[in-house]
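Contents: one structure, followed by commentary.
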Amino acid sequence: MVKRIGIDVGGTNVKIALVDGEGKIIYSNSVPTYAQMGYEYTVNNIKQAIRDLMKETNTDSKDIEAIGFDFPGQVDYKTGVVKLAPNIPGWVNVPIAQMIEEEFHIPTKIDNDVRCAALGEMKFGAGRGCENFICITVGTGIGSGIVINGQLVRGAANAAGEIGHIKLQMNDGPICGCGDTGCLEAFASGPSIVAMAYDYIRGGKSAKFREMAGDGEITPYIVAKAAEAGDPVAKRIFEIVGTYVGMGLVSVINLLNPEKVIVGGGVAEAGDLLLDPIRKTVKERAMAVAGNSVEIVPAELGNHAGVIGASMLGS
Ligand SMILES: [Zn+2]
């Protein structure tokens, strides 16, 4: 049976998994990133984690078809270089694929986190059997992986898929992390849910999420729990956010006519609270043919999408 290694590098932890040809995780582990120690330190930890994986699973280099890495940031798929990872300080122009290949003599590929998630969903999740789909992740930011004719779309400079920066407001919009204003992400990501929640509280609305958060901070998770418990303000917040995400998707659906939109990420764990207003907006605002033929569905691989998708790079 073919086995591949997937490695998901985040700001706090590096997750590593041995994945079989059916997308099943045979072994998984995680090690701290410790980015502040410099990238060489993290790379050495990753190499040790690969050696540990081989030892624990009784495999060696010839049993492993490929290694794939997933990074939250800008990567060059062709050269295997991490250009910039904003949440992992010090990772600028790091030739990670070459460093790993020299050590283990196993073909190594890298890509960004949303494209790896899309690849995982295409091979083993909600995108199985689908030739044209968008995998959107709604969390702290909003990103997407685009699959057209069964292929991931990377673009001329590996920058395709930035759905979060579709402009929803031409002038005087909220400031976005990208430096521009009026982007979808500035209206509808996790932080905007929290900002809306505090606005409602300041406006004097009695809201269950304040009580549920106790002395702690309000999080998108708490607002979702309050909405599930029937709190009208929390439900309204998800309706607004879902409508914004739907409006962003309308442009993409009109442009690309996908079979499916797969919705994942932390905020999407709220399920139909987020998906229903997206579906409603797409039905009302997309052009008829494209709008009627698209299905809006939840992602299936959850937290494992990163390692599973990364393991399939280059397959
Ligand atoms: Zn932006």
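We count residues from 1, following the sequence as given. Both counts, for ligands and for their atoms, begin at 1 and track the order of listing.
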Pairs touching residues 56-77 that satisfy ring pair (Phe, Tyr, Trp, His ring centres under 6.0 Å), sequence neighbours left out: F69-F71, F71-W91
More than 12 heavy atoms from other groups under 6.0 Å of OH on Y27: yes
Pairwise side chain to side chain donor-acceptor pair (under 3.5 Å) hits with a residue in residues 121-139, at least two apart: K123-S315, R128-E300
Listed partners of Y244 passing ring pair (Phe, Tyr, Trp, His ring centres under 6.0 Å), at least two apart: F187
Option among V245, I136, V282 that satisfies the side chain to side chain contact (heavy atoms under 4.5 Å, CB included) test with I296: V282
Charged N-O contact under 4.0 Å between R279 and D276: yes
Nearby protein N/O/S atoms (those under 2.8 Å) for the Zn ion (ligand 1), with water ignored: H165 ND1, C176 SG, C178 SG, C183 SG
